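Just so it is clear, the values below take in all heavy atoms, side chains as well, and ignore hydrogens, waters and symmetry mates. Note that the structure is a prediction, hence the values are computed from the model and not measured. Each chain gets a letter, A, B and so on, in the order the sequences are listed, and its residues count up from 1.
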There are 4 protein chains.
Amino acid sequence: MTATSPHQPASPDAATEPTPPGRPGRPRSEKARAAILAATTDLLLAHGLAAVSMDAVAERAGVSKATIYRWWPSKELLALDALYEETTASQPRRPDTGTLRGDLLALLQPWGRLVTGRPYGRLIAALVTQAQTDPAFGQQYRARFVEPRRDEARAVLRRAIERGEIPAGTRTEVALDLLYGPLYHRLLHGHQPLTDKFARQVVDYVLAGIERQ
Amino acid sequence: MTATSPHQPASPDAATEPTPPGRPGRPRSEKARAAILAATTDLLLAHGLAAVSMDAVAERAGVSKATIYRWWPSKELLALDALYEETTASQPRRPDTGTLRGDLLALLQPWGRLVTGRPYGRLIAALVTQAQTDPAFGQQYRARFVEPRRDEARAVLRRAIERGEIPAGTRTEVALDLLYGPLYHRLLHGHQPLTDKFARQVVDYVLAGIERQ
Amino acid sequence: MTATSPHQPASPDAATEPTPPGRPGRPRSEKARAAILAATTDLLLAHGLAAVSMDAVAERAGVSKATIYRWWPSKELLALDALYEETTASQPRRPDTGTLRGDLLALLQPWGRLVTGRPYGRLIAALVTQAQTDPAFGQQYRARFVEPRRDEARAVLRRAIERGEIPAGTRTEVALDLLYGPLYHRLLHGHQPLTDKFARQVVDYVLAGIERQ
Amino acid sequence: MTATSPHQPASPDAATEPTPPGRPGRPRSEKARAAILAATTDLLLAHGLAAVSMDAVAERAGVSKATIYRWWPSKELLALDALYEETTASQPRRPDTGTLRGDLLALLQPWGRLVTGRPYGRLIAALVTQAQTDPAFGQQYRARFVEPRRDEARAVLRRAIERGEIPAGTRTEVALDLLYGPLYHRLLHGHQPLTDKFARQVVDYVLAGIERQ
DNA sequence: CGGTAATCGAGACGGTACGTCATGTCTTACA
DNA sequence: TGTAAGACATGACGTACCGTCTCGATTACCG
């Protein structure tokens, strides 16, 4: 489900281009699309997902509720799109510092800074909550926000194996959870701060674990 | 905030005894208290926190809404109490298997089985979400569900240090996040299953990391 | 369905007293009831039934929509009650002028003045329209606004028969339609004005018809 | 306003010919016109005017909403045209039975059968309602559905005067209301059935009244 | 025969109102 | 004082029409 495909006609995973040309009917208003996403982002970062009501978004965006429902079936998926558009200015990175340690730090530390820099923790928690109840949503959420990070880190680990830096038998999937799990844990539970130093300690723990196995 | 103290009169952290004796007026109905918590637990496990409305709890418990609000200021704190009462049949354990590895497995694996055995993941996500917005609630949540587990694991690590099984300089706080973080990660994000085997792999990774540092 | 009985619990034709005493729960707000009916009457006479939206009534009455729906299932029945309360200050009359002609004029002419004095024609048309679609509503409407007038006129005709003023075999039901039908016709279709003079001409026509049959 | 003239360019009372020839541009689609009226008639007789939404008509007729609005400014005028086309298969009649009573019965009884044979009462009520609010519409409605009947009956009465069957001073306008008023009354209010017998009784009452005056 | 101009289909859009639901507060009568 | 019952203001929900609009495609005429 993306922002640029009506959800009733069920064009699953339609292209993201703003308006497929040469189609009958009035084309979609790019202005409205942008206003809706901007209004959603504002409300999201200011007061959390609970404050995002379709009425509030419609009013703030100067748009009718029907227009929102035409393109997004729920406020959760709307929030997903808004957050995605907001955060994916930062393109997927391909760090290559020459060492595994450098690469992992280049992944984890900027991510930590991003999610602690603005109240994203609140949003991620809300999205995770929704994902528990709505499996389709959960799949969307993971595909956009979780898997890309895991893919990056997995690639980094594989390159280290190819370089002979770590053993070929390394359990990479578990390592991924050991890398991101503690960061999410601190982000969501807040029992301790999520800092660059903490990310470095996590990386060092995991590297030590890898080398000893 | 506990179930047995009216929240308006602000008797912070009042004792949990059912009814302070020798007070004027009609005593609190223990029957109502139990019915409310039972109804909440039922709704919670059946359909998640979103399905817990004060109206629904009142109707199912055969109780008036005012009575619920008399003792719990929000459905979230009500859910917290209900969940606590439900899960704390399982007492805090003091595992002592003789080895650090055995102790950690005795902590993590039963916990993993508990939270995956029933739809607790959904509840934990919802409570974490609420904790992001409401700091007082967050403190309650952590004090009841997060810190006790960390305390147990911290004690286990300390005993291992005293036994000389691991170095005295071990960064125990980080280790705690490396132990529980990955489990929470899989529980909440669901990208991979949370199994006994996974818990064991996590423990082994962390132990290896500890020994190398 | 009356204004003073909740429509869900289905207490058909409950008493009209504002609040049955000695019942548990918060009593109905008489203030809200009056404000709702007043707001409805205002909107009704100013712009017709089409302008009566539940939202508009709620706002104007300073009342929540839920409160309106608790007592009236539709805006049509609300309008019915409002109009009834508005017009039934004028009690059912028992004219007795000594002659049939005088009695009939005493019924028809004031009625004609009432319905032409304010824009009631519009309302009656709207209620009649609703009555066509909703039989239950139609029965309510007739019982409140049509039958009482027919009852009055029927009584007048019967007394004239008892006095020997008109034949015992007079077809009174048809006569009632001949008396009120033309007045409704002019009120609703507006092809000619509904005046006192017209009412008098109708009465004279019908009296002449009665005597010749 | 007729179906065959665009209402914006304001060609008041334009001819009904399908397409004025010798004009630039694509000619009006007769197919669309017929489909729109047919769809409207279907909806009208099946569920009443309230069920006639522009969206519904457009979908059922396989036509775009813009095309409807191009030719009819409101669903009420659309319904008027549809109803007119539907009912004016029955041409204006010129009854001549030789007697006034026969002529009047020849007018009233078929009309009664027509309007009770299908749910026209509902439509007439709805149109009358609209006529109360929109004077221009009211004029259209009367010109098409009310005045023609009155014209017929008026002609019948005048011929009776010329034949010397009734007095020259007969108040014909009032008589017209006495003839049609009761029938409309029963049609719209439904308190008693509108039958041939009732029409006959009305005619007899009025004839008796005429002769006595 | 190409240009002009009116239609038509499709459908997106800003609005308004619908009827329902949950929240948290309140008012009463009873225990 | 505590409780059951239940009325209330508030505000969001998701849907349905309204009347307007912007497209591209079609179909006549007129030069």
Please report, rounded to the nearest Å, how far the [atom2] atom of [N] is from the [atom1] atom of [X].
X        : N       : atom1 : atom2 : result
Arg33(B) : dG2(F)  : CZ    : P     : 16 Å
Arg60(C) : dA17(E) : CZ    : P     : 13 Å
Glu59(A) : dT16(E) : CD    : P     : 11 Å
Glu30(C) : dC8(F)  : CD    : P     : 10 Å
Leu78(D) : dG19(F) : CG    : P     : 11 Å
Lys31(C) : dA7(F)  : NZ    : C1'   : 14 Å
Ile68(B) : dG2(F)  : CD1   : C1'   : 14 Å
Arg26(D) : dA28(F) : CZ    : C1'   : 9 Å

The criterion is side chain to side chain donor-acceptor pair (under 3.5 Å); which residues satisfy it with Thr40(A), sequence neighbours excluded?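 By the side chain to side chain donor-acceptor pair (under 3.5 Å) rule, Thr40(A) matches no residue at all.
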Separation of [Y] [atom2] from [X] [atom1] (nearest 0.5 Å):
X         : Y         : atom1 : atom2 : answer
Leu123(C) : Gln132(D) : CG    : CD    : 9.5 Å
Trp71(C)  : Ile36(C)  : CH2   : CD1   : 10.0 Å
Leu127(B) : Leu44(B)  : CG    : CG    : 7.5 Å
Arg70(B)  : Arg33(B)  : CZ    : CZ    : 15.5 Å
Arg122(B) : Thr129(A) : CZ    : OG1   : 11.0 Å

Counting only side-chain nitrogens and oxygens, does Arg70(B) get under 4.0 Å of the OP1 or OP2 atom of dG2(F)?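 It does, given that an N or O in the side chain of Arg70(B) lies less than 4.0 Å from OP1 or OP2 of dG2(F).
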Phosphate contact (dG6(F) OP1 or OP2) by Trp71(C) side-chain N/O below 4.0 Å: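 Answer is no, no contact under 4.0 Å.
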Check whether the side chain of Arg28(D) and the base of dT7(E) form a donor-acceptor pair under 3.5 Å.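 Under the 3.5 Å cut-off, the side chain and the base do not form any donor-acceptor pair.
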Could you work out, with side chain to side chain contact (heavy atoms under 4.5 Å, CB included) as the rule, every residue matching Gln130(B), not counting sequence neighbours?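 Applying side chain to side chain contact (heavy atoms under 4.5 Å, CB included) to Gln130(B) gives Glu76(B), Asp134(B), Phe137(B).
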Looking at residues 39-51 of chain D, who's got a heavy atom less than 4.0 Å off DNA chain F?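 Under 4.0 Å from DNA chain F: no residue of residues 39-51 of chain D.
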Going by atom type alone, with no hydrogens or angles, which donor-acceptor pairs under 3.5 Å involve a side-chain atom of residues 48-64 of chain A and a protein atom two or more places apart or on another chain?
| unit_1 | atom_1 | unit_2 | atom_2 | d |
| --- | --- | --- | --- | --- |
| Ser53(A) | OG | Ala56(A) | N | 2.9 |
| Arg60(A) | NH1 | Asp42(A) | OD2 | 3.2 |
| Ser64(A) | OG | Ala66(A) | N | 3.2 |
| Ser64(A) | OG | Thr67(A) | N | 3.3 |
| Ser64(A) | OG | Thr67(A) | OG1 | 3.4 |

Is the shortest side-chain heavy-atom distance between Tyr141(D) and Leu83(D) below 4.5 Å?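 Tyr141(D) does not reach Leu83(D) side chain to side chain.
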Closest-nucleotide mapping onto DNA chain E: is Ala61(D) or Ala32(A) further toward the 5' terminus? I mean the 5' end.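 The answer here is Ala61(D).
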With B for base contact, S for sugar-phosphate-only contact and - for none (protein heavy atoms under 4.0 Å), nucleotides 10-16 of chain F reads B-SBBB-
